[in-house]
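Structure record follows, encoded as structure tokens.
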There are 2 protein chains.
Amino acid sequence: MTDTRWLDEEEQRTWRAFVAFSRLLSEAMERQLGRDEGLPFSYYLILAMLSEAPGRSLTMTELATVVRASPSRLSHAVNKLQANGWVERSRHPEDRRAIIASLTDEGMAVVEKAAPGHVGEVRRLVFDRLTPEQLVSFDDVLTTLLTGLDPDVPVCPDTPVCPTDAEPAVPTVGLCPSDAGLDDGPGAPDCDAA
Amino acid sequence: MTDTRWLDEEEQRTWRAFVAFSRLLSEAMERQLGRDEGLPFSYYLILAMLSEAPGRSLTMTELATVVRASPSRLSHAVNKLQANGWVERSRHPEDRRAIIASLTDEGMAVVEKAAPGHVGEVRRLVFDRLTPEQLVSFDDVLTTLLTGLDPDVPVCPDTPVCPTDAEPAVPTVGLCPSDAGLDDGPGAPDCDAA
DNA sequence: CCATCGTACTTGAAGTTTCAATGATTCGGC
DNA sequence: GCCGAATCATTGAAACTTCAAGTACGATGG
């Protein structure tokens, strides 16, 4: 146990850069959503994932999987979202253990309002700063590391971004502010308003 | 505001891969430290940064900066670490507003015991999986993105890893299990033991 | 000198996440 | 049909973080 292979200088620099970047970026996303929409990122993620699901609905277990939350954490979070009128619960018709969480129209309006600012921040802090070559390298490295970490992840099932309107080629999604008959919501972005 | 530039397919895939990887990795680090040492990562980081500081001591403000914690968060955390006997507080001789946090011998022993496993996990999950070319690309991308996010960060002041014994070329550090007269500590890895 | 402002740090309350325990339902085998 | 095991979900308490004051000290300017 005493033969630890410590990190060399470059590895250490890279590692510290990753930790710093990862942290600063997630804080930046949190700040942006908090400031502009009064939403924590984890709540936005839940709403966004529901908005992309068929029928805007998923079982609690499915939802927990896509947002990578523990069942307990999801349950607590959905309690709050439900209290805000953004999510509803209903029984699963075939498996009465399961509960289906569905995005309400109000919840959909919240996502649609929040998405552009969120995407803008991602673009500003990440993609606008990378050359096409860097983007390719970055994707390559992430794919390598991700498959090592969790072979179940098909390099896709995760975050809250929105595809182009002109690209129906993308499989999962149904989020974009284009494909929903939104009648300007009640505009209550405060997450804790009872 | 309706002219949002959504992410294209590749950008979206890369972004979701990053979010997934970042999350899975930090959870993996948290699990490893929790399982093997009974320490949350944020506490380990505090101890590790103190262990690298001159005199194993920093003011609370300095410490908060290097671990990127709010003053409040740090104060609460140091309360716990102090209760465990791993950190001590003392007054700053020249500025009596300031408080100096110092790593005790017991705290040093905890870091020295935890470091190898932590480094091993970093190596196993990250560096052992990248080719030298990928490592260079990764470092390049991270440096680019990091300077964009926070120009104050000199690509270094962050995480808890340890340099090689054979490399006194590294500036900051003083952590490695080699350079401290460790007389096997009381071996109490449980973080909440009073 | 002393009033004022800014810095260093702490505290208690509120919010979020984790942990362990529990209820309800389905599935597999006998 | 029924029992045990596994799955789906919730709950309350504990742990951690954040937020809003609040205390103490140092620095600035009249």
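Given the structure is predicted, the values throughout are model-derived calculations rather than measurements.
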Any donor-acceptor N/O pair, S51(A) side chain to A48(A) backbone, under 3.5 Å: yes

Return whichever of A98(B) or E27(B) has its heavy-atom-nearest nucleotide of DNA chain C closer to the 5' end.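 On the 5' side of the pair lies A98(B).
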
List, with names and distances, any nitrogen or oxygen atoms from the protein found under 3.5 Å away from nitrogen or oxygen atoms belonging to nucleotides 10-13 of chain D.
unit_1: dT10(D); atom_1: OP1; unit_2: R89(A); atom_2: NH1; d: 2.4
unit_1: dT10(D); atom_1: OP2; unit_2: S75(A); atom_2: OG; d: 3.1
unit_1: dT10(D); atom_1: OP2; unit_2: R89(A); atom_2: NH1; d: 3.2
unit_1: dT10(D); atom_1: O5'; unit_2: S75(A); atom_2: OG; d: 3.4
unit_1: dT11(D); atom_1: O4; unit_2: S72(A); atom_2: OG; d: 3.0
unit_1: dG12(D); atom_1: O6; unit_2: H76(A); atom_2: NE2; d: 3.0

Between D105(A) and R56(A), does the salt bridge (charged side-chain N to carboxylate O under 4.0 Å, His left out) criterion hold? Intermediate values first, please. CA-CA 10 Å; D105(A) 291 342; R56(A) 295 185 195 169; 3.2 Å; yes

Can you give me the N/O atom pairs linking the protein to nucleotides 4-7 of chain D at distances under 3.5 Å, or say none if there are none?
unit_1: dT7(D); atom_1: O2; unit_2: R97(A); atom_2: NH1; d: 3.1

What integer distance in Å separates [X]:[atom1] from [N]:[atom2]?
X	N	atom1	atom2	value
L63(B)	dA8(C)	CG	C1'	13 Å
R96(B)	dT7(C)	CZ	P	20 Å
N84(A)	dT16(C)	CG	P	10 Å
L81(A)	dT16(C)	CG	P	10 Å
R35(B)	dT18(C)	CZ	C1'	17 Å
R73(A)	dC8(D)	CZ	C1'	19 Å
E30(B)	dT17(C)	CD	P	14 Å
D95(A)	dG23(C)	CG	P	20 Å

Reckon Y43(B) has a side-chain N or O less than 4.0 Å from the OP1 or OP2 of dA15(D)?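 Checking Y43(B) against dA15(D): no side-chain N or O falls below 4.0 Å of OP1 or OP2.
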
Ignoring backbone atoms, establish whether K80(B) has a side-chain N or O less than 4.0 Å from OP1 or OP2 of dC16(D). yes

Nearest 0.5 Å, what's the CD1-CG distance between I46(B) and L58(B)? 11.0 Å

Identify, with sequence neighbours excluded, every residue that meets side chain to side chain contact (heavy atoms under 4.5 Å, CB included) alongside R31(B). E27(B), A28(B)

Taking only residues two or more places apart in sequence or in another chain, which ones pass side chain to side chain contact (heavy atoms under 4.5 Å, CB included) with I99(B)? M60(B), R89(B), R91(B)

Please work out which of the three classes, parallel, tilted or perpendicular, describes the rings of Y44(A) and F41(A), given edges at 30° and 60°. tilted

Where does the angle between the aromatic ring planes of F18(B) and F138(A) fall among parallel (under 30°), tilted (30 to 60°) and perpendicular (over 60°)?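 Geometry flag for F138(A) against F18(B): tilted rings.
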
Tell me, please, which residues at least two apart from E88(A) pass side-chain hydrogen bond (donor to acceptor under 3.5 Å, both in side chains).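 side-chain hydrogen bond (donor to acceptor under 3.5 Å, both in side chains) check on E88(A) returns nothing, list empty.
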
Salt bridge (Lys or Arg N to Asp or Glu O under 4.0 Å) contacts touching residues 114-123 of chain A (sequence neighbours left out):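 Salt bridge (Lys or Arg N to Asp or Glu O under 4.0 Å) check on residues 114-123 of chain A returns E121(A)-R124(A), R123(A)-D128(A), R123(A)-E11(B).
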
